[in-house]
Number of protein chains: 2
Amino acid sequence: MSGARKRSGAEESTQERILNAAEQLFAYSGLDGTSVRQIADKADVQVGLINYYFGSKEGLYRAVFTTRAPVVVEERRIGLRMAALEKDPHRRLELIVKAIIVPMLNMRSRDGSNHFSQLLAREPRDPRSVERGIIAEIFDPIALEIIESLKEIWPDRSDAEVHWAYQMIIGVMMYIMSDHGRISRLSGGAADPKNADETLRIILPLVMQGIEGKPTG
Amino acid sequence: MSGARKRSGAEESTQERILNAAEQLFAYSGLDGTSVRQIADKADVQVGLINYYFGSKEGLYRAVFTTRAPVVVEERRIGLRMAALEKDPHRRLELIVKAIIVPMLNMRSRDGSNHFSQLLAREPRDPRSVERGIIAEIFDPIALEIIESLKEIWPDRSDAEVHWAYQMIIGVMMYIMSDHGRISRLSGGAADPKNADETLRIILPLVMQGIEGKPTG
DNA sequence: GGTTTTTTTGAACAAGCGTTCAATTATATT
DNA sequence: AATATAATTGAACGCTTGTTCAAAAAAACC
């Protein structure tokens, strides 16, 4: 039954197998909709090992984020540093927006963690996410860095204006990342977020125009 | 124990009490995170009555949508008809965008159904929502009507462009509706979607500018 | 006022849940 | 080779899950 256990040279550790299975199932069915036994089955592992390695089901949930999220955060940080080198405000802004969106699109097409983007889009939409504090812990710091970068471009804008602009970028991106076929269904296939390049090409000017004009007055 | 059972003249029926309790709990904990016993307790009702009236837990979940959603859909339809009377393209577009956003904001501040907006923002973010088909059944028709209205304003835009513009409006709105304090937390209270008027005042120009410029070229 | 239908009760059902643990096997250390 | 540590097994724990159902109460009907 074990199937793909010791296939290639680089074999997965037990923890990794559990994390991969958990990522996939949590992304599809959520924290409550996934049972530890489902995860254990998919990982080809005994149920007890989940508690042995991760303490609890929620511990495993948290572990998925702490192992996967740093990749996105680091990519964003690099993009932000590159943006800081650009003098032209318009181009600088575009680089900042790209620093936010591109790591997310990358993750979607990356082999090992294509499910994590769904999970990540899902988590902050859950009211109980606030209690867990995962998003606050992992993503608030980089979010504040991004907002600081935006403030440098817009010294005349108020805090609220900058924050709302930021939220608009995140909002559009998150919405598209968490789409499960409705966009394609409604448009008869004309618009499809599965295509990463196309999505960026369309979304970028939409977002740029939205946030670049002076909001009030 | 029963508490607020036969208080005022207009007393709630058993079904209504179950629906209200379900709406609230589903909004906060999701379909899987809510148990029928929690709902029964909150509604001050026997567990069996949920299956008696709604067949199953998912039947109740579905019933919450079919009883609450038509209000939003109808408000949008009315807003769309009003927009059709406006000749100026810019103002027409603004009325269409308002027809999308305002019913959602209204629902948030309405007494009986303030939790439904959270539930509604949550449902399409669940991958299994596609299997349930609730969103497709209830909201696809009005969505297509809105897109048709947009096409009338933009006869030169491609299907994909119009659909992406529509998705951007919905995306920003949904993101803000499903926020659970992060926007306020990050901005130190400067930006807070709890304030409906303020939210519309800020979001409207952001979205308008985003979709009004010609996307490609 | 008696009869039929609807609603409510209270309890039970089997199945699944997350977690624990002693016993066993494998790996690393000395 | 003997010992100590880590990983895995297999089964059990108590509890909650959604659903069912016969019996009792209430409401509607003729």
Side-chain angles (χ1 to χ4, degrees), chain A residues 1-6 9-65 67 119 126 128 131-132 134, chain B residues 1-6 9-65 67 119 126 128 131-132 134:
Chain A
M1 283 291 172
S2 99
R5 190 73 168 271
K6 291 188 175 184
E11 86 187 77
E12 280 179 317
S13 73
T14 306
Q15 279 117 313
E16 284 170 330
R17 285 216 313 286
I18 295 174
L19 280 169
N20 285 335
E23 178 186 44
Q24 209 165 322
L25 288 165
F26 282 146
Y28 188 71
S29 304
L31 177 55
D32 294 311
T34 307
S35 75
V36 289
R37 260 161 262 256
Q38 282 178 279
I39 298 169
D41 283 359
K42 195 173 197 77
D44 195 19
V45 142
Q46 286 280 108
V47 252
L49 285 181
I50 287 173
N51 296 78
Y52 175 72
Y53 281 116
F54 301 99
S56 67
K57 183 187 175 180
E58 194 177 316
L60 170 57
Y61 187 77
R62 192 169 247 100
V64 174
F65 282 88
T67 55
L119 181 57
D126 179 357
R128 285 181 298 178
E131 301 167 26
R132 290 194 281 272
I134 297 175
Chain B
M1 283 292 167
S2 99
R5 191 73 168 271
K6 289 188 176 184
E11 87 186 78
E12 281 178 318
S13 72
T14 305
Q15 279 117 313
E16 282 170 331
R17 285 217 313 287
I18 295 174
L19 280 169
N20 285 334
E23 178 186 44
Q24 209 165 322
L25 288 165
F26 282 146
Y28 188 71
S29 304
L31 177 54
D32 294 310
T34 306
S35 74
V36 290
R37 259 161 263 255
Q38 283 179 278
I39 298 170
D41 282 0
K42 196 174 196 77
D44 195 20
V45 141
Q46 286 281 112
V47 252
L49 286 182
I50 288 173
N51 296 74
Y52 175 72
Y53 280 117
F54 302 99
S56 67
K57 183 186 175 182
E58 193 177 317
L60 170 57
Y61 187 78
R62 192 168 247 100
V64 174
F65 282 87
T67 54
L119 181 56
D126 179 358
R128 283 182 298 179
E131 300 167 26
R132 290 193 280 272
I134 297 175

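Per chain, numbering begins at 1; letters A, B, ... match sequence-line order.
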**OP:** Please report, rounded to the nearest Å, how far the C1' atom of D:dT16 is from the CG atom of B:Asp32.
**Re:** 14 Å

**OP:** Output yes when at least one side-chain N/O atom of B:Ser35 is less than 4.0 Å from OP1 or OP2 of D:dT17, else no.
**Re:** yes

Original post:
Checking all strands, does A:Ser13 fall into the base, sugar-phosphate, or nothing category for heavy-atom contacts under 4.0 angstrom?
Top reply: nothing

Subject >> Between D:dA7 (P) and A:Arg17 (CZ): distance, integer Å >> reply: 14 Å

**OP:** Go through residues 50-62 of chain A and report each residue with a non-hydrogen atom lying under 4.0 Å from DNA chain C, sorted by number.
**Re:** A:Asn51, A:Ser56, A:Lys57

**OP:** Nearest 0.5 Å please: distance from the CZ atom of B:Phe65 over to the CD atom of B:Glu23.
**Re:** 9.5 Å

Subject >> Spacing of B:Leu49 atom CG relative to C:dA11 atom P, expressed in whole Å >> reply: 15 Å

**OP:** Identify, between A:Gly48 and A:Gln38, the residue whose nearest nucleotide on DNA chain C lies closer to the 5' end.
**Re:** A:Gln38

Distance-only donor-acceptor pairs under 3.5 Å for side chains of residues 46-56 of chain B, two or more places apart:
| from | atom 1 | to | atom 2 | distance (Å) |
| --- | --- | --- | --- | --- |
| B:Asn51 | ND2 | B:Gly55 | O | 3.4 |
| B:Ser56 | OG | B:Gly59 | N | 3.0 |

**OP:** Could you list the residues that satisfy side-chain contact (heavy atoms from CB on, under 4.5 Å) with B:Ser35, not counting sequence neighbours?
**Re:** B:Arg37, B:Gln38

**OP:** Answer yes or no: does a side-chain N or O of B:Thr14 lie under 4.0 Å from OP1 or OP2 of C:dT8?
**Re:** yes

Original post:
Between atom CD1 of B:Ile18 and atom CG of B:Asp44, what is the distance when rounded to the nearest 0.5 Å?
Top reply: 11.0 Å

Subject >> 5' precedence on DNA chain C between B:Gln15 and B:Val47 (nearest-nucleotide basis) >> reply: B:Gln15

Original post:
Taking atom CZ of A:Arg132 and atom CZ of A:Arg62, what is their separation to the nearest 0.5 Å?
Top reply: 8.0 Å

Subject >> Gap between atoms CD and P, on B:Gln46 and D:dA24 respectively (whole Å) >> reply: 16 Å

Original post:
Has the side chain of A:Arg37 got a donor or acceptor atom sitting under 3.5 Å from an opposite partner on the base of C:dG18?
Top reply: yes

**OP:** Using side-chain contact (heavy atoms from CB on, under 4.5 Å) as the criterion, point out the one residue from B:Thr34, B:Leu19, B:Leu31 that pairs with B:Leu60.
**Re:** B:Leu19

